Amino acid sequence: MDASDIRLLSAGTALPGPPVDNVTLARRFGMDDLWQQWIDVFIGTRTRHLSVDLDTGETVVSLADLGERAARRALSAAGTDAADIDVIVMGTATPDALMPATVNEIADRLGIDQIPTYQLQSGCSGAVQALEVGRQMLAGGGHRNALVIAGDSCARHFDLEADLRSLPPAELVNVVLFGDGAGAAVLTSDPAPGTVALRRVMTRFTGRGRAPGQIVRWFGQADRAGRAAGIGEAAVSEDYKAIEESVPEMAAEILAELLDSLDWKDTDLDFVLPPQLSGRMTARISERLGLDTAEEITCVGQTGNCGNALAFFQLEEVLGLLGRGDRAVGIAVESSKWIKAGFALERL
Amino acid sequence: MTTIDEFVSLVQDELGLDVTPEDVGRSLDELAGWDSLHLLTLATLLERTTGRSLVLTDLLEARSLERIYAVAVGA
């Protein structure tokens, strides 16, 4: 069947722990009011949820925990039984382990077996990439229902002993930007009336010859022993200036391309789901998009930047708002190696 | 840190910005590489060095390194 007829039945999400506001975060790191004021003004993210217990420093929630909860919510909202899922696709930059893949841990917990499962190594465009793999698997025939999951947990990078006064800006920014979370969605090839069609999905690598905007390294036994090259490098670092400069323009290009491919005008859009970098950056991007007549669906102020999961928080909200004939566009940019991603929805 | 020259050294050494004493009066917009994260890093360094608490709104009104120094030392 035509991929543009694949339906998005539901989305579900999960967050660990209570919301952590900027005052709490600042105090936990021994920082003062000035630091908290700076996050308010320059990051614009009010809260995030963390898989780490801030009192004990222990990781209390795994990515599999979050993915399982999100998947159960999505399945319940879709009215789909786990036994009816034919394929699972997951995206994450922060799996619980490199092997086994977290997608298979989640499948096991859901009682799912004997179906193909895929896990993508992905960042902020991961939800869109996973949606597209699931959508194409259904369009290709042989599968009827796909469960798509995406999420991230920065617990292993959240060093509560770090002296933030001595961190370089490229690392400091990560402490305030990120949160943990997971999302899931159910896709189907059943074209039931009144459901939401996933009209278009685009995901494209655009980073040829370009330095990464974000790097997340991983370390093994030789690294632990201090023998491997690069052991002194930061586990996570961002070229935040390149991101600030490039992402608004890339988002505008993605929007234009999606609209053009569908022969939609920007005034046809009822909702827009912009990239969720931080409260402040998302506001800048939205200003650049200039979609005055479309309602913006934004979550990053409350969830923090939870990477792969973000689009599902936006999808969960917009699915409850889309009326018959309404249209929405979602946009994501992965600055790691500069991936453009986006999707278009329409309720029939 | 008691002089503006020591302040310039702090900016050079801790922020890695290539500034000279002649740059302190320039608008921050003219300082190559300057951004809001440098403001945060510098402000926390100044609080530690001077022992004085700073308020972000005061620093946001300071549009040059010279003015930030003045806020930090209470001049």
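No hydrogens, no waters, no symmetry mates; every other heavy atom, side chains included, goes into these values. These figures come from a predicted structure and were not determined experimentally. Naming convention: chains lettered A, B, ... in sequence-line order (proteins, then strands); numbering from 1 in each chain.
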Are there donor-acceptor pairs under 3.5 Å across chain A and chain B? List atom names and distances.
unit_1	atom_1	unit_2	atom_2	d
A:Gln37	OE1	B:Leu56	N	2.9
A:Trp38	NE1	B:Ser36	O	2.9
A:Tyr240	OH	B:Asp35	OD1	3.4
A:Tyr240	OH	B:Asp35	OD2	2.7
A:Lys241	NZ	B:Gly33	O	2.4
A:Lys241	NZ	B:Asp35	OD2	3.2

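In this structure A:Arg210 satisfies the salt bridge (Lys or Arg N to Asp or Glu O under 4.0 Å) test with no other residue, sequence neighbours excluded. When the side-chain contact (heavy atoms from CB on, under 4.5 Å) test is applied to A:Ala235, the partners found at least two apart in sequence or on another chain are A:His157, A:Phe219. Take A:Glu249 and apply the salt bridge (Lys or Arg N to Asp or Glu O under 4.0 Å) test, not counting sequence neighbours, and it matches A:Arg288.
Heavy atoms of B:Leu15 lying under 4.5 Å from chain A are absent altogether.
Closest of all the heavy-atom pairs between B:Leu59 and A:Leu34 is CD1-CD1, 3.6 Å.
Between A:Phe42 and B:Leu40 there is no side-chain heavy-atom pair separated by less than 4.5 Å.
Taking a 6.0 Å sphere around CZ of A:Arg28, one finds it holds more than 12 heavy atoms contributed by other residues, nucleotides or ligands.
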